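Keep in mind that this is a model prediction, so the values were computed, not measured. First the proteins, then the strands, lettered A, B, ... as listed; each starts at 1.
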There are 2 protein chains.
Amino acid sequence: MSVSLRQLRALVAAAETGSFGRAAVRLHLSQPALTVQIRTLEEALGLTLFDRSARGAQPTEAGRSLAQSFGRLLEELDQLVAGAQEQAARRSGTVHLAVLPSVAATLLPVALARLRRAHPGIRVLLRDAVARRVAEQVKAGDAELGIGILDGADAGLETEPLFEDALVAVLPPGHALAARASVSPAALAREPLVLTDPGSSVRALAERAFAEAGLTLRPAYEATYMSTAVALVRAGLGIGVLPATAVDLRMAPLLEIRPIEAPAMQRRILMLRRRGASLSPAADALAEAIRQAAGIPDAGALLTAGGGS
Amino acid sequence: MSVSLRQLRALVAAAETGSFGRAAVRLHLSQPALTVQIRTLEEALGLTLFDRSARGAQPTEAGRSLAQSFGRLLEELDQLVAGAQEQAARRSGTVHLAVLPSVAATLLPVALARLRRAHPGIRVLLRDAVARRVAEQVKAGDAELGIGILDGADAGLETEPLFEDALVAVLPPGHALAARASVSPAALAREPLVLTDPGSSVRALAERAFAEAGLTLRPAYEATYMSTAVALVRAGLGIGVLPATAVDLRMAPLLEIRPIEAPAMQRRILMLRRRGASLSPAADALAEAIRQAAGIPDAGALLTAGGGS
DNA sequence: GTCAGTCATAGGTTTTGATTATGAGCGTTT
DNA sequence: AAACGCTCATAATCAAAACCTATGACTGAC
């Protein structure tokens, strides 16, 4: 028979207390049970570990030495187990999260604040990236959770809708188009436009929507960062075609926001995870916080939605 | 329920093989048994450790990390157990041995040679000391085994007789007394004598024997080391009164050895161990080798003799 | 659509471990 | 010297854990 943890704990306790009886008390066992554990351990090792006498059980040299080594090992083990249970209890843990920059600037701070309040021990490693990179990182396992968009279904990913993000027209103060409740693509096409980089998902969305309306998108300015784009609009250099979430009106109170009359001007922001990969407790807590921040009541809470097929 | 070694081994094997089935084979278990171990471990930790699919079981991040940590721990544990079993098998181990210098120079080399032949892995840490120190070291546990002599019984020690060591007269080449088969204490008292230090057990023995014969011992020379005493005799400076074992005739072929006609000129060389303290396998092997070197057939081999009361 | 491979579940048996009760050895105390 | 009190060991019994075989359900792949 091989050794067992019970035997090792018995050995350590007996060596430290110098008595089988006291060791049994410490381990919440009866004395005979402990005696048997020690004996079977001695048989497994082939060594006498204790010299029994009427005044207790003195560990032999081998017993002392092994008790010390095993004790150290047991301590490490208990620590590992405790650490794992900490993670399970959501009192610690780390989540790698990939997220679109626009969401990172808007929804995410709210979600992270919620998470911190509910589970202050959980650490979030944040990577903002464009939609394609978000999906890639989640699929590769580099990020356990992602917030992004997906064109079609993706067999490697499970998705859960968070909210709809529409592209809106962002008008500089006093612009003529602000008189209307909404603006048409055709009207936009006549104006100098501020857009994001080609390759960004926002840009691709705008181009598609314009193409459906038979128009060609000719941006006057392209910005990589949303804050840059907003600044360009505020300076009166053009009309922004930007995601609604990205425009923080607190930062730019004089700008006017108007919806664009094109159904395709919408993108569905999704929470992404690798298909078949369970979430760590920390990631689960984060997902919950994100859902709540997005205004989704946490009903079943389990992600089951397909890729959108 | 707390974690068990079986669970940890199951986790490590499954994480390394990527399959419950293959892990079960490695551990000589059925697949359901392994599945259950993993599940109960997951329940104990509160963590999902594997993502099960039709293509095997992929460890989660937590599973991977824990498998690695636990694997390291298990390796250390197995190594400790193997080390203990090595000791039990007498393939390794260390014995602290306290021994009289005279025995160390005569009987012991034979015993150690035997021991090395039978159990080459056993290391002997040797301390030669006078009889009182030998007994002290054994009683204090500084030496697991001792070879020495004991005046009366000692409650703290168990003894086992090894052989009788007589004090003999060591005569320089061509000495007149060599004509007799034995010499009397009275004859010795008329000669210049070479003895050991006062305080040595040999010296005490000689003084007692002379006192019983109504004589006073007046040594011409006192040497601490036996080799010194023998050299003095060889130089013709006196007659040695020394333990028979200590005089190596191969080193001093011209010397003559004669028994002394006094019954008290005998000392019983004993093997000593602490009462109630079991012997380590290494010490047991050494004890056996010592017995054989002393010409004692290793019958029951267990030390049971009392202190001589 | 079948097939091969995976893990999960169920039923029944063996093994392990625990408890209580009791015994035996030993040192101390009366 | 006898009794006591402390130790660990043993025995009988019982509960729980662990295992195996058989079977099921699911998933990819051909």
Side-chain angles (χ1 to χ4, degrees), chain A residues 1-11 13-44 48-60 63 154-156 158 274-278 304 306-307, chain B residues 1-11 13-44 48-60 63 153-156 158 274-278 304 306-307 309:
Chain A
M1 194 195 54
S2 186
V3 304
S4 71
L5 283 184
R6 315 179 98 83
Q7 293 171 331
L8 301 187
R9 292 195 200 278
L11 164 60
E16 286 179 359
T17 60
S19 150
F20 287 7
R22 283 194 293 277
V25 169
R26 180 198 282 195
L27 298 182
H28 310 296
L29 279 178
S30 67
Q31 170 261 316
L34 192 127
T35 292
V36 169
Q37 291 295 351
I38 297 285
R39 197 188 58 217
T40 57
L41 178 59
E42 287 182 327
E43 285 166 3
T48 300
L49 299 173
F50 289 90
D51 285 319
R52 285 85 160 162
S53 80
R55 269 207 322 281
Q58 285 304 313
T60 62
D154 187 316
E158 291 184 16
R274 197 155 101 235
R275 178 170 299 275
S278 58
T304 46
Chain B
M1 193 195 54
S2 187
V3 305
S4 72
L5 283 184
R6 315 180 99 84
Q7 293 171 330
L8 301 188
R9 295 207 142 91
L11 164 60
E16 285 179 359
T17 61
S19 150
F20 287 7
R22 283 195 294 278
V25 170
R26 181 199 281 194
L27 298 181
H28 310 294
L29 280 178
S30 67
Q31 169 261 314
L34 193 127
T35 292
V36 170
Q37 291 296 351
I38 297 285
R39 197 188 57 218
T40 56
L41 177 58
E42 287 181 327
E43 285 166 3
T48 300
L49 299 173
F50 289 91
D51 284 318
R52 285 85 159 161
S53 80
R55 268 209 321 282
Q58 285 305 313
T60 61
D154 187 316
E158 291 185 16
R274 196 155 101 234
R275 179 170 298 276
S278 58
T304 46
S309 72

For this session: List the protein contact pattern of nucleotides 23-30 of chain D with one symbol per nucleotide (5' to 3'): B for base contact, S for sugar-phosphate-only contact, - for none; contact means a heavy-atom distance under 4.0 Å.
Result: ----BS--
For this session: Please name all residues satisfying salt bridge (charged side-chain N to carboxylate O under 4.0 Å, His left out) with B:R6, sequence neighbours left out, ordered by chain then number.
Result: none
For this session: Quickly work out the A:L34 CG to C:dT20 P distance and round it to whole Å.
Result: 15 Å
Seminar exercise, completed: note: B:R22, atom CZ; C:dG5, atom P; distance rounded to Å ~ 12 Å
Exercise. Taking the side chain from A:Q31 and the backbone from A:A24, do they hold a donor-acceptor pair closer than 3.5 Å?
Worked result: no
For this session: For A:R52 and D:dT7, give me the distance from atom CZ to atom C1', rounded to whole Å.
Result: 12 Å
Exercise. Rounded to the nearest Å, what distance is computed from the CD1 atom of residue A:I38 to the C1' atom of nucleotide C:dG17?
Worked result: 15 Å
Problem set entry | Pairwise salt bridge (charged side-chain N to carboxylate O under 4.0 Å, His left out) hits with a residue in residues 24-36 of chain B, at least two apart | B:E16-B:R26
Exercise. Can you tell me if the side-chain N/O atoms of A:Q37 get under 4.0 Å from OP1 or OP2 in C:dA18?
Worked result: yes
For this session: Grab the CG-P distance between B:L8 and D:dA18 for me, whole Å please.
Result: 12 Å
Exercise. Which nucleotide in the set D:dA18, D:dT7, C:dT6 lies at the smallest distance from any side-chain heavy atom of B:R6?
Worked result: D:dA18
Problem set entry | Contacts of type salt bridge (charged side-chain N to carboxylate O under 4.0 Å, His left out), residue A:R22, not counting sequence neighbours | none
Problem set entry | Sugar-phosphate, base or nothing in reach of B:A33, heavy atoms under 4.0 Å | sugar-phosphate
For this session: Could you check how far CD of B:Q7 sits from P of D:dA18, rounded to whole Å?
Result: 7 Å
Exercise. For A:T35 and D:dC8, is the shortest distance between a side-chain N/O and OP1 or OP2 below 4.0 Å?
Worked result: no
Exercise. Quick one: salt bridge (charged side-chain N to carboxylate O under 4.0 Å, His left out) partners of B:R39, sequence neighbours excluded?
Worked result: B:E43
Exercise. To the side chain of B:S4, which of D:dC8, C:dT19, D:dA18 is closest?
Worked result: D:dA18
Exercise. Is B:S19 touching bases, backbone alone, or none of the nucleic acid, heavy atoms closer than 4.0 Å?
Worked result: sugar-phosphate
Exercise. Short question: side chain of A:D51, backbone of A:Q58 - any donor-acceptor pair under 3.5 Å?
Worked result: no
Exercise. Is there a side-chain polar atom (N or O) of A:R39 under 4.0 Å from OP1 or OP2 of D:dC8?
Worked result: no
Problem set entry | Length of the CG-P vector between B:L5 and D:dA18, whole Å | 11 Å
Exercise. Between B:L29 (CG) and C:dC7 (C1'), how many Å, whole number?
Worked result: 15 Å
Problem set entry | Those residues that, when tested against A:R274, pass salt bridge (charged side-chain N to carboxylate O under 4.0 Å, His left out) (two or more places apart) | none
